[in-house]
Amino acid sequence: MRIAIASDHGGFELKRQLLTRLQDMGFEWSDFGCATEDSVDYPDYAEVVAMRVASGEFDRGILLCGTGLGMCIVANKVPGIRAVTVHDTFSAQVTREHNDSNILTMGGRVIDADAAETIARIWLTTSFMGGRHERRLEKISRVEGRVQELAEKAGSRS
Ligand code: RB5
């Protein structure tokens, strides 16, 4: 599994600790920044990871900011991305089983590295259940299609 990871300054320390723990668990990852605790803008990092997951270059993404929320908002702007902010183990499991989420976001100011490690391990190892949930994912794709149509119509009017 190819995992793309990024953080802003609010998630930097959590990312630093999580990268080591993921490596110890045998996962391979690529880190797309940031590289220090200097203040940066989370949309820049969320976009890079979301585009790489949406294109198929990476299978999953993990984004860390202060709360996980800003990263999640940005990542979900990219068609094909199902990003979720998760800070508990039940949601980590069920969002994979039901939503086939492909980006996990967490907050460095919300949870510690032990909790993030457990959540990431569950999220990375739980499979999508398919079945009735497949139909719901198709409906999400159709929403994306209708948004795209709206954008095209708006573009043709300008
Ligand atoms: C940065 O201060 C903070 O706003 C950011 O890390 C994140 O929490 C945004 O949602």
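Remember, it's 1-based here, ligands and their atoms both numbered in the order they're listed. By convention here, the first residue in the shown sequence is residue 1. Atoms considered below: every heavy atom in the structure, side chains included; atoms not considered: hydrogens, waters and symmetry mates.
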Original post:
What do you reckon, does Cys65 have a nitrogen or oxygen under 3.5 Å from a nitrogen or oxygen of ligand 1?
Top reply: no
**OP:** Write down the atom of Asn102, the atom of Arg82, and the distance for their closest heavy-atom approach.
**Re:** OD1-N, 2.7 Å
Original post:
To which protein heavy atom is atom 2 (O) of ligand 1 closest, and what is the distance rounded to 0.1 Å?
Top reply: Arg109 NH1, 3.3 Å
**OP:** Please determine, by modelled atom types, if Glu152 and Gln148 share a side-chain donor-acceptor pair under 3.5 angstrom.
**Re:** yes
Subject >> Short N or O distance, Gly70 and ligand 1, threshold 3.5 Å exclusive >> reply: yes
**OP:** Looking only at non-hydrogen atoms, find the nearest pair between Thr95 and Asn99 and report the distance.
**Re:** OG1-OD1, 2.8 Å
**OP:** Check the pair His98, Met129 against side chain to side chain contact (heavy atoms under 4.5 Å, CB included), reporting the backbone distance first and the verdict last.
**Re:** CA-CA 6 Å; His98 291 200; Met129 280 171 69; 3.9 Å; yes
Subject >> Phe32/Phe58 aromatic ring centres below 6.0 Å >> reply: yes
Original post:
Gly66 heavy atoms, cut-off 4.0 Å: which ligand 1 atoms fall inside?
Top reply: 5 (C), 6 (O), 7 (C), 8 (O)
Subject >> Any N or O of Tyr42 closer than 3.5 Å to N or O of ligand 1 >> reply: no
Subject >> atom 8 (O) of ligand 1: nearest protein contact (heavy atom, Å) >> reply: Thr67 N, 3.0 Å
Subject >> Which segment of Asp8 sits under 4.0 Å of ligand 1 when only heavy atoms are counted >> reply: side chain
Subject >> Shortest protein heavy-atom distance from atom 1 (C) of ligand 1, along with the residue and atom involved >> reply: His9 NE2, 3.6 Å
Original post:
Stepwise, does the salt bridge (Lys or Arg N to Asp or Glu O under 4.0 Å) test hold for Glu13 with Arg16?
Top reply: CA-CA 5 Å; Glu13 177 53 26; Arg16 201 183 61 74; 2.7 Å; yes
